There are 2 protein chains.
Amino acid sequence: MTTKHRTNAAVLFHALSDQTRVALIEKLKDGEQCVCELTDALHTGQSRLSFHLKVLKEAELIHDRREGRWVYYALNREALADLEDFVRELKDAAGRTVSSKRCE
Amino acid sequence: MTTKHRTNAAVLFHALSDQTRVALIEKLKDGEQCVCELTDALHTGQSRLSFHLKVLKEAELIHDRREGRWVYYALNREALADLEDFVRELKDAAGRTVSSKRCE
DNA sequence: ACAATACATCAACATTTATTGATTAGTCAA
DNA sequence: TTGACTAATCAATAAATGTTGATGTATTGT
């Protein structure tokens, strides 16, 4: 894995490293939603959510779409598929354990 | 998903939200290794690595084992499996897109 | 054009996280 | 027991992130 790939992985993980952002993407599992719905669901301030949505968007985990006064956010399948692949490779490697080399 | 689960997910993701820690777990795909090997591989200071190993360990993504003067670290399959499940559920939800509700 | 709505952005500040060098603790071998 | 070696921890500091309230921007209805 290249440095670039590691950087990308770290960026994706970082985007999910906060409870509020995890709550946001969990909410988006129900499908595309506007900011007002998300704000209601999370009982929190608008600028705070806007900040976290931006982090998720910059990591390309979600995308947005304006329709009239509303902006709708939704999950990005591709980034999530990449992330799943990354984690599965780690898990599989953890299965192939062992070796038990020694330092001397 | 409960608040506790979201917290756990955020903790796991946080542990992987740093390039150095991603590099560490990538290295551990090759199997159990002592700190000295990891330090050599990453060309970095010992206390710095110790810090990052602790973050990964507290998230239970890795575990350690002392043998003589050396401490060996290895991946924890269980946490990685949990993480994979979490991400897969997100990805699957992203597939079931749509709805296109409107705010009025 | 004006007011209202939905959302983004900004600046100031608070909190969290990371880095560095020094010290401490555990293990071993002489 | 002394000294060398491996690694963890600590304290000081630096850097990155998150929160809040205020302001700015785009869009709509009147």
Side-chain angles (χ1 to χ4, degrees), chain A residues 6-7 9-25 27-28 32-74 100-104, chain B residues 3 6-25 27-28 32-74 100-104:
Chain A
R6 271 201 302 277
T7 302
V11 167
L12 287 174
F13 286 124
H14 166 75
L16 295 168
S17 71
D18 173 282
Q19 267 190 264
T20 301
R21 293 195 290 267
V22 170
L24 278 172
I25 54 160
K27 191 70 177 55
L28 290 174
E32 190 184 59
Q33 290 174 67
C34 74
V35 177
C36 54
E37 290 174 285
L38 297 169
T39 307
D40 288 353
L42 275 76
H43 321 293
T44 187
Q46 178 264 318
S47 75
R48 184 166 173 269
L49 271 206
S50 201
F51 168 78
H52 289 295
L53 286 166
K54 188 179 184 182
V55 174
L56 289 168
K57 182 181 167 185
E58 287 179 345
E60 297 184 88
L61 282 164
I62 61 176
H63 61 270
D64 62 343
R65 172 177 75 83
R66 177 178 276 276
E67 188 175 320
R69 314 184 206 183
W70 297 276
V71 175
Y72 293 85
Y73 281 90
S100 291
K101 293 181 296 181
R102 301 290 169 78
C103 293
E104 292 298 338
Chain B
T3 298
R6 271 201 300 277
T7 303
N8 287 344
V11 167
L12 287 175
F13 287 124
H14 167 74
L16 295 168
S17 71
D18 173 281
Q19 266 190 264
T20 300
R21 292 194 290 267
V22 171
L24 278 171
I25 55 160
K27 191 71 175 55
L28 289 174
E32 189 184 60
Q33 290 173 68
C34 75
V35 177
C36 54
E37 290 174 286
L38 297 170
T39 306
D40 287 353
L42 275 77
H43 320 293
T44 187
Q46 178 264 317
S47 76
R48 184 165 173 270
L49 271 207
S50 201
F51 169 78
H52 289 295
L53 286 166
K54 189 179 184 181
V55 174
L56 289 168
K57 182 181 167 184
E58 285 178 346
E60 297 184 89
L61 283 163
I62 61 176
H63 61 270
D64 62 342
R65 170 177 76 82
R66 177 178 276 276
E67 188 174 322
R69 313 183 207 185
W70 296 276
V71 175
Y72 293 86
Y73 281 90
S100 291
K101 293 180 296 181
R102 301 288 169 80
C103 292
E104 292 299 337

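In this text, all values refer to a predicted model and were calculated from it rather than measured experimentally. Proteins get letters first, then strands, A, B, ... in listed order; numbering begins at 1 in each. The figures that follow rest on heavy atoms only: side chains count, while hydrogens, waters and symmetry mates do not.
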Next on the checklist: Quick check on side-chain contact (heavy atoms from CB on, under 4.5 Å): which of B:L16, B:V55, B:I62 does B:R21 satisfy it with?
Outcome noted: B:V55

Next on the checklist: Can you work out whether A:R21 or B:V71 has the more 5'-proximal nearest nucleotide on DNA chain D?
Outcome noted: B:V71

Checklist entry - What residues, two or more places apart in sequence or in another chain, satisfy salt bridge (charged side-chain N to carboxylate O under 4.0 Å, His left out) together with A:K57? => result A:D64

Checklist entry - Can you find a side chain N or O atom of A:Y73 that sits less than 4.0 Å from OP1 or OP2 on C:dA8? => result yes

Checklist entry - Side chains of A:H63 and A:Y73: closer than 4.5 Å at any heavy-atom pair? => result no

Checklist entry - Between A:Y72 (OH) and C:dA8 (P), how many Å, whole number? => result 13 Å

Checklist entry - Roughly, in whole Å, what's the span from CZ in B:F13 to P in C:dT16? => result 21 Å

Checklist outcome for this item: Taken to the nearest whole Å, CG/B:L53 to P/C:dA18 is 13 Å

Item to check | Rounded distance (Å) that lies between atom P of C:dA8 and atom CG of A:L56 | outcome: 12 Å

Item to check | B:D40: salt bridge (charged side-chain N to carboxylate O under 4.0 Å, His left out) partners, not counting sequence neighbours | outcome: none

Checklist entry - Atom NZ of A:K54 to atom C1' of C:dC10: distance rounded to whole Å? => result 10 Å

Item to check | NZ/NE/NH1/NH2 to OD/OE distance under 4.0 Å, A:R65 and A:E32 | outcome: yes

Checklist outcome for this item: Given protein heavy atoms under 4.0 Å, the one-letter contact record of nucleotides 19-30 of chain D, with B base, S sugar-phosphate only and - none, is simply BBBB----SSS-

Checklist entry - What's the spacing between B:Q33 CD and B:L28 CG if we round to 0.5 Å? => result 5.5 Å

Checklist outcome for this item: Note: for B:C34 and A:V55 on DNA chain D, the residue whose nearest nucleotide lies more 5' is B:C34

Checklist outcome for this item: Shortest non-hydrogen pair, B:L12 vs B:A59, comes out as CD2-O, 3.4 Å

Checklist entry - Could you state the CZ-P distance from B:R65 to C:dT27, rounded to the nearest angstrom? => result 14 Å

Item to check | Rounded distance in Å - CD (A:Q19) to P (D:dT17) | outcome: 18 Å

Checklist entry - What's the NE2-P distance between A:H14 and C:dA18, to the nearest Å? => result 10 Å

